[in-house]
Structure formats: structure tokens, C-alpha cells
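Just so we're on the same page: letters track the sequence lines, and every chain starts at 1.
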There are 2 protein chains.
Amino acid sequence: MELNEQVGLRLRQLREERGLSLSALARRSGTGKATLSELEAGRRNPTLETLYALTTALGVPLSAALTDSGGTPYGTPAPGTSPGAGGAPGGGPAGISGQAVTAVLTERFEDGAAVTDVFRIRIRGGAVQESAAHIPGTQEHLVVLTGTAVVGDPAAPVTAGPGAHAHWTADGPHLYSAPHGDVEAVLFVRSPLAAPRTP
Amino acid sequence: MELNEQVGLRLRQLREERGLSLSALARRSGTGKATLSELEAGRRNPTLETLYALTTALGVPLSAALTDSGGTPYGTPAPGTSPGAGGAPGGGPAGISGQAVTAVLTERFEDGAAVTDVFRIRIRGGAVQESAAHIPGTQEHLVVLTGTAVVGDPAAPVTAGPGAHAHWTADGPHLYSAPHGDVEAVLFVRSPLAAPRTP
DNA sequence: GACGACCGTTCCGTTTACGGAACGTTCCGT
DNA sequence: ACGGAACGTTCCGTAAACGGAACGGTCGTC
């Protein structure tokens, strides 16, 4: 998708989450309605000042308008208000964070067959966390940045040191642990798209 | 300070950290030298496309050009070190982007022994790119989000489909290719720190 | 010391992002 | 039914961001 379209959609999403009309946001931000209309449609290539005026009026940092790694969900409103977004039926990303693990979703990627959540995680030294089974077919990859992690099947866990990679099937219980000190890593959780019932 | 000046200084900083001349970055990113010169001086109000072209050529995500909360230090040398562009002689992250590959650095992680650059990359379908050797001991991991990539040692390349993982040693020439269509993936490049002789 | 290669800045014509003012539509209140 | 207000889109003149082509300055090389 074109970059301008991505940013346009993101801005429209932020605006609608706040229940603002296009005209109201244009008035409040000091930009023209024409600018905002065509920008949301992906038909303009906005300048930095325009983006700044809009994000400030929306109450989010500039980076919130972008879709790359800096684009974290700002002000995602109360659950229940799900406008056009037509959210994924599966709901949000799997909850990973727990006593031993802090996980931040950095990207969610979806293709025709599966959705892949990319997490930046930290496992606290000496801690162990067991995670419940995900849906059948779910695969996990871990790439360790620093420290030594012991992960995967509780019956046959795998040890991964700095720079190493581990892989396991997550449709059964699985664990994350860091016996020798904190671990920083990137975790990939790839789940097949719900074809829950193919009669 | 004016917003345009902030962004201009940030871009100049990123460029100088990488030891690139203004002309070289203009050439590489496809923008005019006039544009880049005045932009770094804070005398222009860049468009989104211009910012994207520049940050991509610098190997950082768009948000890296901004100075707000999203503005994480990419490749910033140790804090407190004087701005003397001298900085780390190793320079910035390895240049990955080329004819077939677009790479955006999403994180740079450094521990005592190695530095790991995490890239979000796209390999264009049908294209092949050969990359020069990195320093001895460099390891690369690829986790494929979608498509099928053929990567690694040119003499014995590895095929990785959606959700798969590939690993190779990058201290010799190595290739990235996508025979059957575009590939989206995450690439880890882990390079040993140049041993600074601690006697 | 003249030449060439590269640097960063300035000038200039073209393209286009901008805001204001129109437009047609929908939704209220009278 | 009618009027008014608000909505989002389209049209248009102006301002300015863009790339290409100049310019002067600095560094190596012959």
C-alpha cells in the first residue's frame, strides 16, 4: 500500500476514535477541509507542518501518525466501540506479559494464512513463566539479543544464548525462563488464521 | 525551537553518524541536493515522501527523524560523547538496502560482546541481491513473515517459507532473493564488537 | 601550479500542497 | 414541507517544496 494511504487511514482512524468530524478537526487544527479530506483519502503528500498540526489537535505525538515501528496504539478507546475497523474476530494479540515476562507488541503482520505478532520481550532473571496453549498450529520463534533463555516445551526445553534462535510449537503449554539473568529477545508468534470449523 | 529546525538537525546528525556526505545521501535517496541542504538548515517544510526517502536511505524508520517520544536514538553513540562526528569508527548499521532489498532498522541492541541490528526488510519478488562480507563472526537470522526467501551462502542457499527461520554466517558474501514474489521478513545481524583489547 | 573530483549552497522553472470558497447531501428543529 | 446548520468533496489561485543546473570552495593528484 502507498505510504500516503497508510498515513491517511491512520489519521482517519485517530479522528474517528475521538468522534471528531472532518470539519471539526480541520477547524481545531487550523488546516483546510480540502487538505484534510484529500489527505485522509491518500491523495496528498502532507508536509511536516500539516502532520504536526493534525497530530497535535488529536492529542498524539507526531509519530502516532506513522505506521512504522513508532506507531503504537495511542488512545485506543474503550473496548466495545469498534467502528468501521471491523476488528479481527480473533481479538487482540495474545497476552504474553506475566510475572516473568514483559512483552511489547512491535508489529502485527497478517497474510492470507496466518497472523504473526512480533514482540520485544524481556524475561526476568531467575524467573519462570508457563504460558497456556495457543490455537492449534501456532508456532513461536525467539531470537535472543542478550542473556540465556530456556524456553519451549516444558518436557524438553531448549537453551538459547546470546544471538541464538529457538523455535517451538505453541499449541500446548510452553515456558519462558531465564536462569542466569535478564534476557532481552524478540519473540514471533505465528497463528493460523481462524479456520475454526471447516465443515 | 522551530519544528523544521529540529528535524533538520536530527537528519544531519543521522547522516553524519554514518559518515555520509550531503551529496551522497541525496544521490542515494533520490532527493535533490538543494532539498537536503535547505532541509537540514531548517529552511524547508518537508513532505512525507521526502522524509521517507531520506530515512529509508539512512536505514532508520520514519519516526527516527522526529524528535518527539517516538524519537528513539538509532545508532546514537554513547551519550555525552562530543558531537565530533568521529564517533564510532565502525559507523552506523550495515547497509542492507539495495536493488532487491529495502531494509529499515527497527532496533539496535548492544551488549558487552556484540551489537545486534534488527531490520524490517522487504525483498522484491524475482530479485536477487548479493551482500558483501561483514566482519568475521557476524551471524544473521531471518524470520519470514510472508513469501518465500532464498538466502545465505551463495554456494548452498537456504529456502525459508512463511513463518520459517533461516540462519547463516555472514562473514563471507551472502545473498538475499525472493524467487516467487515479494517477501516480508525480519532480519537480525549480529556482529562481534571489535575487541578493544582489555589487557 | 593547473587540473579534476567532490563538497555544500544558491538560483530557477515546474510541480503540487495549501486554505478559502464553492458545491451537493444529510439531518434536525420549527 | 421548509429552512438552517453541519457534513464531506471538489474547484481554484497562491505559496512553496521539489529536482536540475549553476556557483564558489577545498582537497588530492599529476
* **Of B:Lys33 and B:Leu39, the one whose closest DNA chain D nucleotide lies more 5'** =>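 On the 5' side of the pair lies B:Leu39.
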
Would you say [N] has OP1 or OP2 under 4.0 Å from some side-chain N or O of [X]?
| X | N | result |
| --- | --- | --- |
| B:Arg15 | C:dC7 | no |
| B:Thr47 | D:dC18 | yes |
| B:Ser37 | C:dT9 | yes |
| A:Thr50 | C:dA17 | no |
| B:Arg44 | D:dA16 | no |
| B:Arg27 | C:dC7 | yes |
| B:Ser23 | C:dC7 | yes |

Calculate the interatomic distance between [X] atom [atom1] and [N] atom [atom2]; express it in whole Å.
| X | N | atom1 | atom2 | result |
| --- | --- | --- | --- | --- |
| A:Glu40 | C:dC18 | CD | P | 13 Å |
| A:Leu48 | D:dA16 | CG | P | 16 Å |
| A:Leu22 | D:dT10 | CG | P | 12 Å |
| B:Glu49 | C:dT15 | CD | P | 16 Å |
| B:Leu36 | D:dG20 | CG | C1' | 15 Å |
| B:Leu20 | C:dG8 | CG | C1' | 15 Å |
| A:Arg43 | C:dA17 | CZ | P | 11 Å |

Listed nucleotide nearest any side-chain atom of [X], set [options]:
| X | options | answer |
| --- | --- | --- |
| A:Arg12 | D:dT9, C:dA17, D:dC7 | D:dT9 |
| A:Ala34 | C:dG20, D:dC7, C:dG8 | C:dG20 |
| A:Glu38 | D:dT10, D:dG8, D:dA17 | D:dT10 |

* Output yes when a side-chain donor or acceptor of B:Arg190 lies under 3.5 Å from a complementary backbone atom of A:Leu145, and no otherwise. =>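 Looks like yes, one N/O pair under 3.5 Å.
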
* To do: Look at the rings of A:His167 and A:His141 and say which category their plane angle falls in: under 30° parallel, 30 to 60° tilted, over 60° perpendicular.
  =>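 Taking A:His141 first and then A:His167, their aromatic rings lie parallel (interplane angle under 30°).
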
* Asked: Is it true that the side chains of B:Ser23 and B:Ser21 contain a donor and an acceptor less than 3.5 Å apart?
  ->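 No.
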
* Looking at B:Glu40, B:Glu38, B:Lys33, which hits side chain to side chain contact (heavy atoms under 4.5 Å, CB included) with B:Leu36? ->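 Testing B:Leu36 for a side chain to side chain contact (heavy atoms under 4.5 Å, CB included) against B:Glu40, B:Glu38, B:Lys33 leaves exactly one candidate, B:Glu40.
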
* Given that both distances must come in under 3.5 Å, which nucleotide forms a Watson-Crick or G-U wobble pair with D:dA17? ->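 Partner of D:dA17: C:dT14.
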
* With heavy atoms under 4.0 Å as the rule, sort B:Thr35 into base, sugar-phosphate or nothing. =>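 Touches a base.
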
* A:Leu11-A:Leu22 co-clustered via ILVMFWY side chain contacts under 4.5 Å ->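 Yes: a chain of side-chain contacts under 4.5 Å links A:Leu11 to A:Leu22.
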
